[in-house]
Amino acid sequence: MKNIRWGFILLALTLSCPLGQAQVIPGGELDGIFYKSRVALVDEFMDLFNFTELRAGEDTSSLDGKRLHLLNLFNKERFQSAKDTAFLQALSFVDRVLEDSVHLTIADSSWLSRAHCVGKYEGRDVPVYLTLKIQEWEPELYSWIISKAEGEVLTLAPPVYSRRFSIDPVEHDIRFMALSRITSSDRKAILNYAPAGWRPDETSVFFSLVHEGALTLEYVETLEFEFGQVPGYVFTIRYFDREESTNSGWLIDEWKEVDL
Amino acid sequence: MKRFAARWAGMILLALMSFSALAQTSEEDMLRRRAAEKCAQFNNYVSLIGKKTGKNGKAIPVETRMFYREAALKLFIANGNSYTEYVGSEERTIAGVMMQTTSVNRPNQKPKSTLMKTYLLNLANLRYSDVVITSTDVSNIKVSSLRKIDEDTYVCTCYFNQTFIGYRDGIPVYKDRTSKYVKCYVYLESTEDGLEYIIRLGDVYATDTERL
């Protein structure tokens, strides 16, 4: 408990009054301590996590030094006190990272990006949620691929499920003439003509709509990255644009234990 | 002639060995620093394009600002213009370099996307009596790792801050601080002097925080 309290005090000191520089100096926002301590790039987050990059003045020769270094990668607003469950869980997480010498690389298949996008469909803004993962095409050649898409517009949900939308049991005798009508004037209700309970794969619908020019993505509203490299944990980083703070940029905002 | 051919062969072999060993720290670090320098060059032009008044107090002609705009665009792929490439037999048009800006003060507002050509033109024509733009020093520009995207082609991202102050009759009437992320492309090209690394800038993502 004493060690935990000490760790929290040091963490609080480090985050609120960094390295003895308590005031903003002219030009500080361009080159000063707040600029330098911002974890601006995801690469930078990985380098700090892997200890291949250290902040100025950090001493990671001791275990507590290493713990503090990793705790500084958390969104400090998640911690209320040294007895805070979140802080204790973060410490356990940090200790696991150190015990297992976890190392993050772009090539890992166990990290992904979640992009909340704003799309355009039939002239209106629609939310589309994409999950992207890194795919290695050949050694050292990677790109992001869209592994999953979700969104109300991709469910093709009809205005109403009703028996009124049906193909009569004798329609076969007139060579299913109704198919022309249900794929034109009834097209919004098309899911009524699928097997009971059947739902389309939203990712396939996404690719189809984009291919046909019916859906475009305008911009990414929020972005986060989820990592599964720490055994027994999944953690998420989000971007915090804080001025005059050494706790800004890409920071661990969520971490939870998972079954192995 | 033999010596000339031998020298060329040696240069090519050296360049190929260098590029194939791009993962080695010193080579990659050198290219990342060059990417930062290219961004610093761009920032220098941006401050010159915005500047309306010289040190002697005289107005800087718009033609001068347009000259710097043309020079800045040459730092970008296809000089900031759209271009066509062929993928198999399919023609593919790549749009000109874009700048997307979001406002921290107005997080629910749709980001503004502008062609870099248009952004620089607008910058040259701003209605202030003077504009002062300062940027992060080149030595502090943050650069991501280089990632391979094609044979002899790599990309990285550079990050820096920039402050903008607009003046009317000597009084600052607008100020903001912008964080910018610039995509940089690194190509190995055959030039007059042999094989060289060429750096070109790509799309820019910016978040601005209005102060005044």
Side-chain angles (χ1 to χ4, degrees), chain A residues 24 26-48 50 52-53 55-56 104-107 115-120 125 127 134-144 216-223 239-245 248-250, chain B residues 20-23 25 28 32 43 98 100-105 107-113 133-164 175-183 205-211:
Chain A
V24 178
E29 57 195 343
L30 297 178
D31 296 285
I33 190 71
F34 300 132
Y35 167 82
K36 286 178 181 169
S37 58
R38 175 178 292 230
V39 189
L41 301 164
V42 175
D43 255 18
E44 194 179 350
F45 173 85
M46 287 185 176
D47 285 343
L48 286 164
N50 295 337
T52 50
E53 186 177 320
R55 296 169 194 257
L104 304 177
T105 69
I106 188 174
H116 171 193
C117 310
V118 174
K120 200 67 125 181
D125 287 350
I134 286 284
Q135 178 148 328
E136 189 174 16
W137 300 98
E138 50 183 75
E140 300 295 316
L141 203 158
Y142 312 101
S143 69
W144 287 102
T216 57
L217 294 182
E218 303 284 288
Y219 61 95
V220 175
E221 195 165 61
T222 61
L223 186 63
Y239 193 84
F240 295 90
D241 199 335
R242 295 175 180 143
E243 292 187 62
E244 298 183 16
S245 169
S248 68
W250 291 104
Chain B
S20 67
L22 197 56
T25 308
E28 184 175 344
R32 288 168 69 201
N43 292 340
M98 300 292 289
Q100 184 180 86
T101 311
T102 61
S103 171
V104 174
N105 301 96
N108 296 324
Q109 204 174 65
K110 182 179 170 178
K112 196 174 153 188
S113 283
I133 300 172
T134 46
S135 306
T136 298
D137 186 76
V138 61
S139 59
N140 289 324
I141 292 177
K142 296 186 179 184
V143 188
S144 74
S145 300
L146 280 171
R147 303 289 178 200
K148 187 176 179 181
I149 59 170
D150 203 350
E151 204 57 46
D152 300 337
T153 309
Y154 291 73
V155 286
C156 66
T157 313
C158 290
Y159 168 84
F160 52 85
N161 278 354
Q162 206 162 66
T163 59
F164 174 106
K175 182 182 176 184
D176 72 27
R177 183 215 78 194
T178 308
S179 294
K180 282 185 173 160
Y181 294 80
V182 182
K183 198 161 151 186
Y205 175 76
T207 57
D208 75 59
T209 309
E210 206 172 304
R211 299 294 177 77

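No hydrogens, no waters, no symmetry mates; every other heavy atom, side chains included, goes into these values. Throughout, protein chains are lettered first and strands after them, A, B, ... in sequence-line order, and every chain is numbered starting at 1.
- At a 4.5 Å heavy-atom cutoff, the contact between Y239(A) and chain B is made by side-chain atoms alone.
- Of the atoms belonging to T134(B), heavy atoms from both backbone and side chain fall under 4.5 Å from chain A.
- Summarising the geometry, atom CD belonging to E29(A) is positioned 9.5 Å from atom OG1 belonging to T136(B); distances are rounded to the nearest 0.5 Å.
- Looking at T209(B), only its side chain comes within 4.5 Å of chain A, counting heavy atoms on both sides.
- Taken to the nearest 0.5 Å, the CG atom of N161(B) stands 8.5 Å off from the CG atom of D31(A).
- Using a 4.5 Å cut-off between heavy atoms, Y181(B) touches chain A through its side chain atoms alone.
- No part of E221(A) comes within reach of chain B, as not one of its non-hydrogen atoms sits under 4.5 angstrom from that chain.
- Between Y35(A) and Y159(B), the ring-plane angle classifies as parallel under the 30° and 60° cut-offs.
- At a threshold of 4.0 Å, the pair K142(B)-D47(A) does not count as salt-bridged, since none of the basic side-chain nitrogens sits closer than that to a carboxylate oxygen.
- The minimum heavy-atom distance linking Q100(B) with E218(A) is given by the pair NE2-O, 4.4 Å.
- Note that CG of N43(B) and CG of L30(A) are 10.0 Å apart. Values are rounded to the nearest 0.5 Å.
- For Q162(B), the part lying near chain A is the backbone, with the side chain staying farther off; criterion is any non-hydrogen pair under 4.5 Å.
- For K112(B), the NZ atom is loosely surrounded, since the number of other residues' heavy atoms within 6.0 Å does not exceed 12.
- Contact annotation for S179(B): only side-chain heavy atoms (C-beta onward) come within less than 4.5 Å of a heavy atom of chain A.
- Looking at residues two or more places apart in sequence or on another chain, you find no side-chain hydrogen bond (donor to acceptor under 3.5 Å, both in side chains) involving T101(B).
- A pairwise comparison of heavy atoms in D43(A) and R147(B) identifies OD1-NH2, 3.0 Å as the closest pair.
- In this structure, W144(A) has no side-chain hydrogen bond (donor to acceptor under 3.5 Å, both in side chains) partners at least two apart in sequence or on a different chain.
- Neither the backbone nor the side chain of S139(B) comes within less than 4.5 Å of any heavy atom of chain A.
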